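Down below is the structure, laid out as structure tokens.
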Amino acid sequence: MEDWKWQMQNQVNTLGKLEKYITVTEEEADAIRNCETRWGTTPYFVSLMDKEDPECPIRKQVIPSKHENVNEFGIENYLVYKENRDNHEQRPDTIARQYKDRIAMTITNHCGIYCRHCFRKELVVDKSMQLRFDVDEGLEWVRQHPELREVLITGGDPFLLPDDQIEYIIRKLREVPHIEMIRFGSRLPIVLPQRITPGLKKVLGQYHKVPIWVNTQCNHAKEITERTAQAIWDLLTCGVNVGNQAVLMKGINDDEHSFQQLHQKLLSIRIRPYYVFYLEPAPGIDHFRTPVEKGAELIRDTLRGHTSGLAQPMYVIATNIGKVPLMPDYYIKEKNEKEYILQNHRGQTTTLPNIDDQGCTGLPCFKKEFA
């Protein structure tokens, strides 16, 4: 049996299994006993937990919490709202849409980790929302919409499907003449790097004019190991670029040290920081929320000017109308008719001419007109 399949068959998803790896606190144990939703992850990822510290960032992403019963800001039926499933457009269950030229195709509700902060909790963790994962129906809908350029394959985690099923989806999408790019959203390079097998590499690899990209989710540097680095290298060497979509969470990565270390370490294993997401208004995750401004402040104070520009993600909130940037303009301090006054991360200032679309400054500008 392949290692990744053994990992999935032996998921740590009971109190007894968890106690073999860490000293479970009474609060954690009580939350597990009263948990009525799916929880758990792979033995590999559990082995990265701090055995004694309940504030461990991996423990907090995996182990249920009593705070999940508090729901002040979460929207009920959130996925129906977020994925525009109640609008006039008739779509298969597999298709979620916020943009004209790209869609997300949900093909499973199984994961290598049932994240406690998941915005798809209703589908993946609580299972209060039921979808019909008819891949062929979704593929046919894609074929019938020539305005689409790009498809994101998501779930659950699509890399949990067998290689032949992943190959089938890729092949069928590449047969659609208007599809220019295929993306996969998967946490397995982080929580189950054993999944990046020679078989999967063969499926994802091979040169093609419709490229494949992978975006993963790593939220703390503690999640990155040599096994992770090897999995990312394996993806890169078969022609697949990897980006990261972190989620900003209170008590996990909202301090300056953790935030900077995460993004620097991602680059060290060749993962390009892509997004930092503000926590979505899904139900039962209020205890992870930070002030909205926090992400922009962390990028300004720990990344901009403090490390390579490659380590700087875009800070956004994902909404029913698409992703909305949350970065305020910290760097243009003043503007007048003559110039802009710019400020860097150290508070130093410089100037830039204020030039309009005619190539003029705010001062009188005369251009010769030709008949």
Side-chain angles (χ1 to χ4, degrees), residues 4 8 42 83 94-99 101-115 118-120 123-124 131 133 135-136 138-139 141-142 148-176 179-219 223 228 230-247 266 269-275 277 313 318 323:
W4 76 271
M8 288 302 299
T42 61
E83 297 183 343
T94 51
I95 304 297
R97 191 175 199 179
Q98 283 95 25
Y99 301 97
D101 68 340
R102 53 202 184 276
I103 55 94
M105 180 182 289
T106 305
I107 61 174
T108 180
N109 65 351
H110 295 286
C111 290
I113 173 176
Y114 294 100
C115 305
C118 181
F119 76 88
R120 286 195 169 121
L123 174 67
V124 176
L131 296 182
F133 301 113
V135 170
D136 287 318
L139 290 168
W141 189 90
V142 169
L148 296 176
R149 296 175 48 254
E150 182 179 334
V151 174
L152 166 65
I153 309 300
T154 186
D157 200 305
F159 280 175
L160 286 178
L161 268 63
D163 292 345
D164 61 338
Q165 292 184 31
I166 297 173
E167 187 277 333
Y168 175 81
I169 294 169
I170 292 171
R171 174 162 46 86
K172 289 300 182 181
L173 284 174
R174 283 175 165 168
E175 291 174 359
V176 179
I179 295 302
E180 301 174 11
M181 183 184 299
I182 300 168
R183 283 189 291 152
F184 283 88
S186 173
R187 251 200 121 171
L188 295 198
I190 303 300
V191 305
L192 185 59
Q194 297 87 343
R195 178 63 183 102
I196 313 304
T197 61
L200 183 61
K201 288 170 61 179
K202 184 177 180 180
V203 168
L204 299 177
Q206 310 170 31
Y207 172 78
H208 199 281
K209 67 178 182 179
V210 179
I212 292 173
W213 294 69
V214 170
N215 284 320
T216 192
Q217 183 192 141
C218 179
N219 296 315
E223 302 169 35
T228 320
Q230 183 62 56
I232 301 306
W233 176 252
D234 288 343
L235 287 169
L236 291 171
T237 54
C238 70
V240 177
N241 287 292
V242 183
N244 190 61
Q245 301 185 159
V247 181
L266 284 168
I269 64 164
R270 302 175 176 85
I271 296 179
R272 172 71 160 90
Y274 180 33
Y275 283 125
F277 282 100
K323 296 178 183 68

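Because the structure is predicted, anything quoted here is derived from the model rather than measured.
In this structure Asp101 satisfies the salt bridge (charged side-chain N to carboxylate O under 4.0 Å, His left out) test together with Arg149, sequence neighbours excluded. Applying the salt bridge (charged side-chain N to carboxylate O under 4.0 Å, His left out) test to Arg183 and every residue at least two apart in sequence or in another chain returns Glu150. By the salt bridge (charged side-chain N to carboxylate O under 4.0 Å, His left out) test, Arg171 pairs with Glu167, sequence neighbours left out. Every residue two or more places apart in sequence or in another chain that forms a side chain to side chain contact (heavy atoms under 4.5 Å, CB included) with Thr154 is listed here: Ala104, Thr106, Arg120, Leu152.
Here the shortest heavy-atom pairing between Pro313 and Tyr275 reads CB-C, 3.8 Å. Contact between Pro158 and Ile107 at its shortest, heavy atoms only, is CB-CD1, 3.7 Å. When every heavy atom of Cys111 is checked against every heavy atom of Val124, the shortest pair comes out as SG-CG1, 3.4 Å. Minimum heavy-atom separation, Ile170 to Ile182: O-CD1, 4.0 Å.
With hydrogens and angles ignored, the 3.5 Å screen pairs a side-chain donor or acceptor of Asn219 with a backbone N or O of Val247. Put simply, the side chain of Thr216 gets close to the backbone of Ser186: a donor and an acceptor are under 3.5 Å apart. In this structure, Asn244 contributes its side chain and Cys218 its backbone to a donor-acceptor pair below 3.5 Å.
Between Leu139 and Tyr168 there is a side-chain heavy-atom pair separated by less than 4.5 Å. Side-chain atoms of Lys201 and Val240, non-hydrogen and from C-beta on, never get closer than 4.5 Å to each other. Annotation: side chain of Val135 is not in contact with side chain of Thr94 (no heavy-atom distance under 4.5 Å). Between Ile179 and Val151 the shortest side-chain heavy-atom distance falls below 4.5 Å. The shortest distance between side-chain heavy atoms of Leu188 and Pro193 does not fall below 4.5 Å. Residues Trp4 and Thr42 form no side-chain contact, since every pair of their non-hydrogen atoms from C-beta on lies 4.5 Å or further apart.
Sequence neighbours left out, the pairs with a member in residues 184-193 that pass salt bridge (charged side-chain N to carboxylate O under 4.0 Å, His left out) are Arg187-Glu223. Residue pairs that meet the side-chain hydrogen bond (donor to acceptor under 3.5 Å, both in side chains) test with at least one member in residues 230-243, sequence neighbours left out, are Gln230-Asp234.
Screening Ile269, Leu266, Val191, Ile196 for a side-chain contact (heavy atoms from CB on, under 4.5 Å) involving Thr228 leaves a single residue, Ile269.
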Stepwise side-chain contact (heavy atoms from CB on, under 4.5 Å) test for Val242 and Trp213: CA-CA 6 Å; Val242 183; Trp213 294 69; over 6 Å; no
Audit row: Thr108, Leu160, side-chain contact (heavy atoms from CB on, under 4.5 Å) steps and yes/no: CA-CA 9 Å; Thr108 180; Leu160 286 178; 5.7 Å; no
Working for side-chain contact (heavy atoms from CB on, under 4.5 Å), residues Leu173 and Val210: CA-CA 9 Å; Leu173 284 174; Val210 179; over 6 Å; no
side-chain contact (heavy atoms from CB on, under 4.5 Å) assessment of Phe184 paired with Asn215: CA-CA 6 Å; Phe184 283 88; Asn215 284 320; over 6 Å; no
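Of the inter-residue distances, the one linking Tyr99 atom OH with Arg97 atom CZ reads 12.5 Å to the nearest 0.5 angstrom. Of the inter-residue distances, the one linking Trp141 atom CH2 with Met105 atom CE reads 9.0 Å to the nearest 0.5 angstrom. Atom CD of residue Gln98 and atom NZ of residue Lys323 lie 7.0 Å apart, to the nearest 0.5 angstrom.
Ionic pairing of Asp163 and Arg195 is present here: one or more N-O contacts between side-chain nitrogen and carboxylate oxygen are shorter than 4.0 angstrom.
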